[in-house]
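This report refers to the structure that appears directly beneath it.
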Amino acid sequence: MNIYNTMSRKKEQFKPMNDKRVKLFVCGPTVYDDAHIGHARTYISFDMIKRYLEYKGFAVFYMQNVTDIDDKIINRSAEVGADPEKLARKFEKRYLEDMKAVGVEGVNFFARATDHVPEIISQIETLIEKGFAYETETGVYFDEAKFPDFGKLSRRNLEDLNVHRVNIDLTKKNPGDFALWKKRDEEPLWDSPWGTGRPGWHIEDTAITEEYFGPQYDIHGGGLDLIFPHHEAEIAQMESASGKSPMVRYWMHTGFLNVSGEKMSKSLGNFITIRDLLEDHDPQVFRFFVLSTHYRSPIDFSEKTLEQAAKSLKRIQKTVEKVNELADSAADNSEDDAYFTELLENYRTKFLESMDNDFNTPKALSHVFNFVKELNKSFEDKNPSEKILKDIVAFFYEFGEIMGFDLAGKSVASDEYLSGELLDIIKDIRQKLREKKEWELSDDIRSKLTDLGIDIEDN
RNA sequence: GCCAAGGUAGCUUAGCGGCGAAGCGGUGGACUGCAGAUCCAUUACACGGGAGUUCAAAUCUCUCCCUUGGCUCCA
C-alpha cells in the first residue's frame, strides 16, 4: 500500500521498520477548551487509518500526547480563576468523551506532558551536552544554526525564518531559536537543572516518543498547521539528540476543516465544538461527512453538506438492511450465486485498491455506492442464496468496521426511534383509522405530528 | 512580499497522461389510498483563462486570473 509522505511530497510504498508492527504517533490536543470539529476531522481520519492498517494485518500501536501544560492553559486558568491542573484535567476528560462519541477508539495510549517531565529534562540535557542547545537567563533554547536541516519538512530555509518576528527575546542567539525550557518562578512549575520553570511546547512530543518508540519510528501525524513550526522543531530536537535520521519514516498531515468556506475561529462566530455538533447531529453522519473527502484535502462544513452526507449514508444502510432481510428467507443455494460472488469480489477488490492508495476513502465509497446500485438492480430478477447474502453482509460490516459506521444497527430514520406511551396510543389510533380508510383524519394527525418534529412513515 | 493548498456537472467530492466518475439535487417511472421513505432509469453543452510539450492533457510545463490558509498560537 502507498502513503503520501509530507517529507517527500510523494506517495511512497508503506514499509514499517519492523515487519508488521507499526508505531503511530499523532499530536494530541492542548486541553484548555472543548475540542472542535476540526480536531474531530483529524482524529477521525487517523482513526480510520489505524483501523485500515489493522485490517491489513499490521499490529499498530497508536499513541497520542496530551498537552496539559502550556501558556494557553495558564492564561485560560487565570481568566476563569481555576487551577491550571484542574482545568487541564477537566478538558482532557471532556476530550476523551468527545472522541468516544464520534467513534474514535483506536488510541492505545495517551501520554500527558506533565507525566514526562523527567524525560523532557533528560532530552534537553542531551541537547545541551551535544551543543545543540544553550541556556540564557530566560530559558534553554534550541540553537537553530546547529541544525542545517531545519526547514526540510516545510521546505523553508533559515533566512526566511529569521525575519518578521515580533517581541524577540534578546537573549536568544537567533530569532528562530525556540524554547526547550522556560525559566519561571510562578506556578505551575517544576525543578530542573536550570532552576524552576516549565517545558517548551515542542519538546514533550519527542521526549514522549523517544521514551516509548525510540528515536526512530514509522508514522507521525497531525493537522497541516503543525508542519511548521511544531513538527520542524521535533525533527530538529530528535535528530540532533539521537544523531539518527529520519526521526519518522512517514509524515502524514490532515487538511483543514472550514465552516461555510471560512476558517473556523471564535472571532468569526463560526466556532463549532464537537459537543455543539452532536446536540443535533448523528456522529456517524459526521464520520461519513469527514470520510467522504480525502484526508489531505480541505473539507467544507455546512448544514447542507452534512445533510447530503446523512442521505448518502442512509442509502448504504438501507441496502444492508435489505440484504439482511433477504437472507432470512433465501434458499440454501441458487444458480445466481456465481454472479453475486463475482460482483462481490469485484467490488471488494476495487474498494481495497482505493484504500491502499493513500487511504482514498472517497474513491472507496464511490465503489461501495456502485456495488449498492448493482445489488439493488440484481435483486429485481435474481435470487441469491442465504450463504452469498451473508457474505455480502459480511463485506458491508467489514467496510463499516474500517470506516467506523455501525451498519449492523438500524438506519437513521427508522421507526424504532419513535417511542413513548402517548405516541404509541396516537399511532395505534391512526392505524385503526387507516384500516377504516378514514384518510382525511389520519393524514391530519400525521401532518400535525410532523409539525411537532415527529415523522410518521406509513408503509 | 514569501510559502502552501485549491479552482471538475446546480451542490459536495474522486480522478492527476490514453473511453470524464460517485453521492446529493433535477426529471421520468415502480411502490403507495395520499404523502414520505425506498428502489430503478435518466439528466446534466463540468475539468478557471491563455500558451506550450505530447500521437494523446482535467492530468505535465509556463503564464495570467480567482479562492482559502500559513509566515504569532492552532488538528
Side-chain angles (χ1 to χ4, degrees), chain A residues 6 9 11 26-30 32-33 35-46 64 67 70-72 75 151 154-157 159-161 163-168 176 201 221-230 253-258 261-266 288-289 291-302 304-319 321-322 354 357 360-373 375-380 411-415 434 437-440 442-443 446-447 450 455-459:
Chain A
T6 308
R9 310 282 157 121
K11 286 179 192 168
V26 175
C27 287
T30 300
Y32 73 108
D33 202 348
H36 58 244
I37 57 178
H39 293 107
R41 192 267 165 106
T42 290
Y43 299 128
I44 286 171
S45 297
F46 281 105
Q64 217 177 74
T67 303
D70 165 273
D71 287 350
K72 287 199 289 294
N75 294 341
S154 57
R155 310 223 162 170
R156 301 183 193 203
N157 54 51
E159 297 85 81
D160 293 345
L161 298 175
V163 292
H164 297 308
R165 293 283 177 135
V166 287
N167 299 329
I168 297 169
W201 174 39
L224 202 62
D225 48 345
L226 294 180
I227 294 176
F228 184 87
H230 186 53
H253 293 97
T254 53
F256 281 116
L257 178 146
N258 294 316
E262 288 177 309
K263 184 185 177 177
M264 181 166 48
S265 75
K266 292 201 168 151
F288 186 95
F289 162 76
L291 297 174
S292 62
T293 299
H294 186 81
Y295 76 87
R296 281 189 282 115
S297 299
I299 186 168
D300 193 53
F301 178 92
S302 67
K304 193 175 173 184
T305 49
L306 207 60
E307 226 173 273
Q308 290 189 359
K311 288 180 175 168
S312 305
L313 174 61
K314 197 169 166 191
R315 181 166 160 82
I316 297 173
Q317 288 172 322
K318 282 283 175 187
T319 300
E321 267 176 44
K322 187 171 176 179
S354 300
N357 183 14
N360 193 334
T361 51
K363 185 75 176 285
L365 283 171
S366 84
H367 291 311
V368 170
F369 279 112
N370 281 325
F371 183 46
V372 159
K373 178 175 282 187
L375 281 177
N376 279 315
K377 211 193 305 182
S378 310
F379 291 151
E380 288 181 358
S411 64
V412 183
S414 165
D415 225 32
R434 291 182 68 237
K437 299 196 191 298
E438 297 275 355
W439 308 125
E440 201 178 325
S442 67
D443 286 357
R446 182 173 63 192
S447 87
T450 303
D455 291 319
I456 301 277
E457 293 178 9
D458 295 321
N459 185 17

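The sequence lines fix the lettering, A, B, ..., with proteins before strands; numbering per chain opens at 1. Heavy-atom basis, side chains included; hydrogens, waters and symmetry copies ignored.
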Closest of B:G33, B:A14, B:A75 to the A:S442 side chain is B:G33
Have a look at A:D300 and say if it touches a base, only the backbone sugar-phosphate, or nothing, with a 4.0 Å heavy-atom cut-off.
sugar-phosphate
Which class fits the ring pair A:F46 and A:Y295: parallel under 30°, tilted 30 to 60°, perpendicular over 60°?
tilted
Spacing of the P atoms in B:C24 and B:C39 (rounded, Å):
8 Å
Of the candidates B:G33, B:G70, B:C24, the side chain of A:Q308 sits closest to B:C24
Is there a side-chain contact (heavy atoms from CB on, under 4.5 Å) between A:R315 and A:F369 once you walk through the steps?
CA-CA 8 Å; A:R315 181 166 160 82; A:F369 279 112; 4.1 Å; yes
Examine distances only and state if a side-chain atom of A:H39 and a backbone atom of A:H36 form a donor-acceptor pair shorter than 3.5 Å.
yes
Mapping A:R296 and A:K311 to their closest nucleotides on RNA chain B, which lands nearer the 5' end?
A:R296
Base of B:C40, side chain of A:E380 - is there a donor-acceptor contact under 3.5 Å?
no
When Watson-Crick pairs (N1 to N3 and N6-O4 or O6-N4) and G-U wobble pairs (N1-O2 and O6-N3) count only below 3.5 Å on both distances, what is the dot-bracket string of RNA chain B, with | for other-strand pairs?
(((((((..((((....[..))))((((((.......))))))....(((((..]....))))))))))))....
Taking atom C1' in both B:C47 and B:A4, what distance in whole Å separates the two?
22 Å
How close do A:M264 and A:L257 get, heavy atom to heavy atom, and via which atoms?
CE-CD2, 4.3 Å
Side-chain N,O (A:N258) to OP1/OP2 (B:G69) below 4.0 Å:
no
C1' atoms of B:C64 and B:C73, separation to the nearest Å:
35 Å
Side-chain touch A:K72/A:T67, heavy atoms, less than 4.5 angstrom:
no
Hey, what do you get for SG (A:C27) to OH (A:Y43), rounding to the nearest 0.5 Å?
7.5 Å
Closest to side chain of A:R9, choosing from B:A35, B:G33, B:A4:
B:A4
Taking only the C1' atom of each, what is the distance from B:U53 to B:C60 in whole angstrom?
8 Å
Expressed in whole Å, how much space separates the C1' atoms belonging to B:A37 and B:A5?
40 Å
Looking for any heavy atom pair under 4.0 Å, which part of the strands does A:G222 touch: base, sugar-phosphate only, or nothing?
sugar-phosphate
Between A:R41 (side chain only) and A:G255 (backbone N and O only), is there a donor and an acceptor less than 3.5 Å apart?
yes
Which atoms form the tightest heavy-atom contact between A:S354 and A:A364, and what is the distance?
CB-N, 3.6 Å
Write down the distance between NZ (A:K314) and C1' (B:A22), rounded to a whole number of angstrom.
20 Å
Taking the C1' atom in each of B:A44 and B:U8, what is the distance between them to the nearest angstrom?
14 Å
Shortest side-chain distance from A:P298, nucleotide among B:G33, B:A75, B:A5
B:A5
In whole angstroms, the gap separating P of B:C40 from NZ of A:K318 amounts to 13 Å
Touch class at under 4.0 angstrom, heavy-atom based, for A:L365 against every strand present
nothing
Does A:S297 place a side-chain N or O at less than 4.0 Å from the phosphate oxygens OP1/OP2 of B:A14?
yes
With heavy atoms under 4.0 Å as the rule, sort A:G221 into base, sugar-phosphate or nothing.
nothing
Calculate the interatomic distance between A:H294 atom NE2 and B:A5 atom C1'; express it in whole Å.
13 Å
Can you tell me the distance, in whole Å, between the CD atom of A:E262 and the P atom of B:G6?
21 Å
Return the set of residues passing ring-ring contact (aromatic ring centres under 6.0 Å, His included) with A:H230 (not counting sequence neighbours), or none when no residue passes.
A:W201, A:H202
In whole angstroms, how far is the P atom of B:C34 from the CG atom of A:D443?
11 Å
Take atom P in B:G18 and the same atom in B:C11, then report the distance between them in whole Å.
26 Å
Indicate, with a heavy-atom threshold strictly under 4.0 Å, whether A:F369 touches base, sugar-phosphate, or nothing.
sugar-phosphate
Does a side-chain N or O of A:R315 approach OP1 or OP2 of B:G25 to a distance below 4.0 Å, or not?
no
What nucleic acid atoms does A:N370 come within less than 4.0 Å of, heavy atoms only: base, sugar-phosphate, or nothing?
sugar-phosphate
So which one's nearest nucleotide on RNA chain B is more toward 5', A:H367 or A:F289?
A:F289
Between C1' of B:G29 and CG of A:N376, the distance in whole Å
16 Å
Between the base of B:G33 and the ring of A:W439 - centre-to-centre under 5.5 Å, planes within under 30° - is that a stack?
yes
What integer distance in Å separates A:K377:NZ from B:U42:P?
8 Å
Any N or O donor-acceptor pair linking the side chain of A:R434 to the base of B:G33 at under 3.5 Å?
yes
Given 3.5 Å as the limit, does a donor-acceptor pair link the side chain of A:T361 with the main chain of A:L291, or not?
yes
Looking only at atom C1', what distance separates B:A56 and B:G70, rounded to whole Å?
38 Å
Pick base, sugar-phosphate or nothing for A:T42, based on heavy-atom distances below 4.0 Å to the nucleic acid.
base
For the pair made of NE2 in A:H253 and C1' in B:G6, what is the distance, rounded to whole Å?
19 Å
